[in-house]
J.: 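The structure follows.
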Number of protein chains: 2
Amino acid sequence: MFSNSSKYAIKAVLFLAVNSSESHRIMVKDLAAPINVPQAYLAKLLQELSRGGIISSKKGPKGGFFLSKENVQYTLMDIVNVIDGNDKFNSCLLSLEKCNADKPCPLHDLASPSRSKFIQSLNQNTIDEFSIQIEQGKVFLPL
Amino acid sequence: MFSNSSKYAIKAVLFLAVNSSESHRIMVKDLAAPINVPQAYLAKLLQELSRGGIISSKKGPKGGFFLSKENVQYTLMDIVNVIDGNDKFNSCLLSLEKCNADKPCPLHDLASPSRSKFIQSLNQNTIDEFSIQIEQGKVFLPL
DNA sequence: ATTAAAATATGACAAAAGTCATATTTAAGA
DNA sequence: TCTTAAATATGACTTTTGTCATATTTTAAT
Ligand code: FES
Ligand code: FES
């Protein structure tokens, strides 16, 4: 469903959403451990996210990663778009040129309703909304 | 969502369902072209499917691949299980040990209803049912 | 029996995804 | 200004996935 890299990136961003702020930055090494991701690999992913504008960073001593007010308005889809490239979810399940309701492949009707609902949620819910859910103890961050 | 291999395998099986029979077998080369899959690669996949009991084959002249009455009762999930291994769909989206409704990850509620419906369809609809849909012109086989 | 046509088995090779290491740049604090 | 702590850039390496080629086995037809 998601690539490994995307999973890592999502976990990292959600952790930052809950645990960091403009004034309290988090270093890779302090992020890698709790979300259970290889540190060196995570560093690379964080850099991509940073370049993509999804997260913020500050170099040097007392530096680290954090989410700004703007960062927190992005969606999960934004994250996977940066990490895995776009069109991970808009293409036909059987790799037709374009997923097309007029000439649907055998999986289209099977998948389309549930799938579009899923994709919609990826596009709708902001990081901010997720972090609220986490803080309310409704959902949990995996280690 | 699906691996490339699984997509190829699904397309091949559906094509066989519609175009082959016990008495009218189809050779790899005549299968690879219409479903637009590299022939040598497809041959390997068909062999896996055959070993897995999902499709039938006959060696030698006038040989080829086809679906028996039993073959046609399998599901799409059976195909991807053979090709990609099991547990492609039962694991947590963020790679928690086990997808667990009691201690759900942030994606669980977002995804769970639509996802389980999707998985259910993969497990329910038989190849036979798909081929009927295709023959009725309700859905189409991609090239 | 011999031949030829098909699947099967095996393995080499290529491309992509995932992982790790290291040198460079930036900035805080003494 | 110097030192040190952090992100950043770059690239080597490994594993998995996808691709291709070729030799072997089976079987129908002559
Ligand atoms: S046409 Fe294949 S998923 Fe829509
Ligand atoms: S706990 Fe992660 S998808 Fe269910």
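Order of the sequence lines sets the chain letters (A, B, ...), proteins ahead of strands, with each chain counted from 1.
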J.: Taking the side chain of A:Tyr8 as its heavy atoms from C-beta onward, which of D:dA9, C:dG18, C:dT19 lies nearest to it?
T.: C:dT19

J.: Side chains of B:Asn19 and B:Leu31: does their closest heavy-atom pair fall under 4.5 Å?
T.: no

J.: Tell me the ring pair (Phe, Tyr, Trp, His ring centres under 6.0 Å) pairs involving residues 112-138 of chain B, sequence neighbours left out?
T.: none

J.: Considering only heavy atoms, which members of residues 12-26 of chain A lie under 4.0 Å from some atom of DNA chain D?
T.: A:Ile26

J.: Enumerate the residue pairs fulfilling side-chain hydrogen bond (donor to acceptor under 3.5 Å, both in side chains) with a member in residues 109-123 of chain B, sequence neighbours excluded, ordered by first and then second residue.
T.: B:His108-B:Ser112

J.: Using whole Å, report how far CG of B:Leu42 lies from C1' of C:dA9.
T.: 16 Å

J.: Pick the closest DNA chain D nucleotide for B:Lys58 and for B:Asp84 by heavy atoms, then say which residue is nearer the 5' end.
T.: B:Asp84

J.: Quick one: does B:Phe66's side chain get under 4.5 Å of B:Glu22's, heavy atoms only?
T.: yes

J.: Calculate the interatomic distance between A:Phe66 atom CZ and D:dA6 atom P; express it in whole Å.
T.: 15 Å

J.: Please identify each residue that fulfils side-chain contact (heavy atoms from CB on, under 4.5 Å) with B:Gln136, with sequence neighbours left out.
T.: B:Ile132, B:Lys138

J.: Kindly indicate whether the side chain of A:Cys105, heavy atoms from C-beta on, has any atom under 4.5 Å from the side chain of B:Leu141.
T.: no

J.: With heavy-atom distances below 4.5 Å as the criterion, would you say the side chains of A:Leu14 and A:Val18 are in contact?
T.: no

J.: Going by side-chain hydrogen bond (donor to acceptor under 3.5 Å, both in side chains), name the residues that satisfy it together with B:Ser3, two or more places apart in sequence or in a different chain.
T.: B:Ser6, B:Asp84

J.: Just jot down the side-chain hydrogen bond (donor to acceptor under 3.5 Å, both in side chains) partners of A:Asp30, sequence neighbours excluded, or say none.
T.: none

J.: Expressed as a whole number of angstroms, how long is the span from A:Gln47:CD to D:dT10:C1'?
T.: 10 Å

J.: Could you check how far CD of A:Gln39 sits from P of D:dA7, rounded to whole Å?
T.: 9 Å

J.: Please determine if a side-chain N or O atom of B:Ser5 lies less than 4.0 Å away from the OP1 or OP2 oxygen of D:dT17.
T.: no

J.: Quick check with a 6.0 Å cut-off and a 45 degree axis cone: is B:Lys7 positioned over the face of B:Phe2's six-membered ring?
T.: no

J.: Could you work out which one of C:dG18, C:dG29, D:dC20 sits closest to the side chain of A:Tyr41?
T.: C:dG18

J.: Can you name the residues that form a ring-ring contact (aromatic ring centres under 6.0 Å, His included) with A:Tyr8, not counting sequence neighbours?
T.: A:Tyr41

J.: Below 4.0 angstrom from OP1 or OP2 of C:dA7, is there any side-chain N or O of B:Arg51?
T.: no

J.: So if I take the C1' atoms of five pairs at each end of the helix from C:dA1-D:dT30 to C:dA30-D:dT1 and get each local axis, what angle do the two axes make, rounded to 10 degrees?
T.: 0°

J.: Rounded to the Å, how far apart are A:Asp30 CG and D:dA5 P?
T.: 14 Å

J.: Ignoring hydrogens and geometry, is there a side-chain-to-backbone donor-acceptor pair from B:Arg25 to B:Ser20 under 3.5 Å?
T.: no

J.: Applying side-chain hydrogen bond (donor to acceptor under 3.5 Å, both in side chains), can you list everything that pairs with A:Asp78, at least two apart in sequence or on another chain?
T.: A:Thr75

J.: Just the table, please: protein N/O against nucleotides 21-26 of chain D N/O, every pair under 3.5 Å.
T.:
none

J.: For A:Ile83 and C:dA16, what is the distance between atoms CD1 and C1' respectively, to the nearest whole Å?
T.: 16 Å

J.: Looking at A:Ser57, I'd like to know whether one of its side-chain N or O atoms comes within less than 4.0 Å of OP1 or OP2 on D:dA6.
T.: no

J.: Could you identify which residues of residues 70-79 of chain A place a heavy atom less than 4.0 Å from some atom of DNA chain D, listed by residue number, or say none?
T.: none

J.: For A:Met27 and C:dA28, what is the distance between atoms CE and C1' respectively, to the nearest whole Å?
T.: 14 Å

J.: Just to verify, what does B:Lys58 make a side-chain hydrogen bond (donor to acceptor under 3.5 Å, both in side chains) with, not counting sequence neighbours?
T.: none

J.: Would you kindly give the CD1-to-P distance between A:Ile55 and D:dA6, to the nearest whole Å?
T.: 16 Å

